[in-house]
Amino acid sequence: MSWTDHRPPWLPPIPPPHPGRWLIAIGLLILAGAFVFILVMTVVGGTHTLWTLVTILVGLAFLLGGLLTRRRGR
């Protein structure tokens, strides 16, 4: 082993390579599922509830949280 293999203690920690990737993926999955549910209920003729809006808001929260984490990580 060489002395260059170790990080000096005075350097700050290295951030993760892809911050926020899982939050973005989960947010997109929730949003896609909500919109597929809306389309299916429209075709079937069912009624939409306000719970659909809650899932859309949760999906947007995950998506925005992941995007803000990515922006902060750079």
Side-chain angles (χ1 to χ4, degrees):
M1 288 188 101
S2 175
W3 64 274
T4 58
D5 291 339
H6 301 288
R7 287 181 49 82
W10 50 268
L11 281 176
I14 298 174
H18 304 290
R21 177 184 277 182
W22 288 106
L23 289 174
I24 293 171
I26 291 171
L28 286 175
L29 283 174
I30 291 172
L31 285 174
F35 285 117
V36 166
F37 174 76
I38 289 171
L39 289 174
V40 167
M41 290 302 283
T42 301
V43 170
V44 171
T47 58
H48 304 290
T49 64
L50 288 177
W51 291 109
T52 309
L53 292 177
V54 172
T55 58
I56 291 173
L57 289 176
V58 168
L60 283 175
F62 274 108
L63 184 64
L64 289 175
L67 289 174
L68 289 175
T69 303
R70 287 184 66 88
R71 184 171 187 183
R72 230 179 306 130
R74 290 185 181 183

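The residues of the chain are indexed from 1 along the displayed sequence. Treat the numbers as computed from the prediction; the structure is a model and nothing was measured. Only this structure's heavy atoms are used, side chains among them; waters, hydrogens and symmetry mates stay out.
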Give every residue pair that meets the side chain to side chain donor-acceptor pair (under 3.5 Å) criterion with at least one member in residues 13-28, sequence neighbours excluded. His18-Arg21
Kindly write out the residues that satisfy side chain to side chain contact (heavy atoms under 4.5 Å, CB included) with Pro8, not counting sequence neighbours, or none if the list is empty. Trp10, Leu11
dist Trp51:CH2 -> Ile56:CD1 (nearest 0.5 Å) comes out at 14.0 Å
Minimum-distance pair of heavy atoms, taken over all atoms of Pro19 and Thr69: CB-CG2, 3.9 Å
I'd like to check the side chain to side chain contact (heavy atoms under 4.5 Å, CB included) partners of Val40; sequence neighbours left out, ordered by chain and number. Val36, Val44
Just jot down the side chain to side chain contact (heavy atoms under 4.5 Å, CB included) partners of Leu28, sequence neighbours excluded, or say none. Ile24, Leu63
Quick one: side chain to side chain donor-acceptor pair (under 3.5 Å) partners of Thr49, sequence neighbours excluded? none
Would Leu67 and Leu31 show up in the same hydrophobic cluster when neighbours are defined by side-chain heavy atoms closer than 4.5 Å? yes
Who passes side chain to side chain contact (heavy atoms under 4.5 Å, CB included) against Leu50, sequence neighbours left out? Leu53
Leu23 to Gly66 - nearest heavy-atom pair and separation: CB-CA, 3.6 Å
Listing request: all side chain to side chain donor-acceptor pair (under 3.5 Å) pairs with a residue in residues 54-67, at least two apart in sequence or in separate chains. none
Cluster companions of Met41 among Ile, Leu, Val, Met, Phe, Trp, Tyr (side-chain spacing under 4.5 Å): Phe37
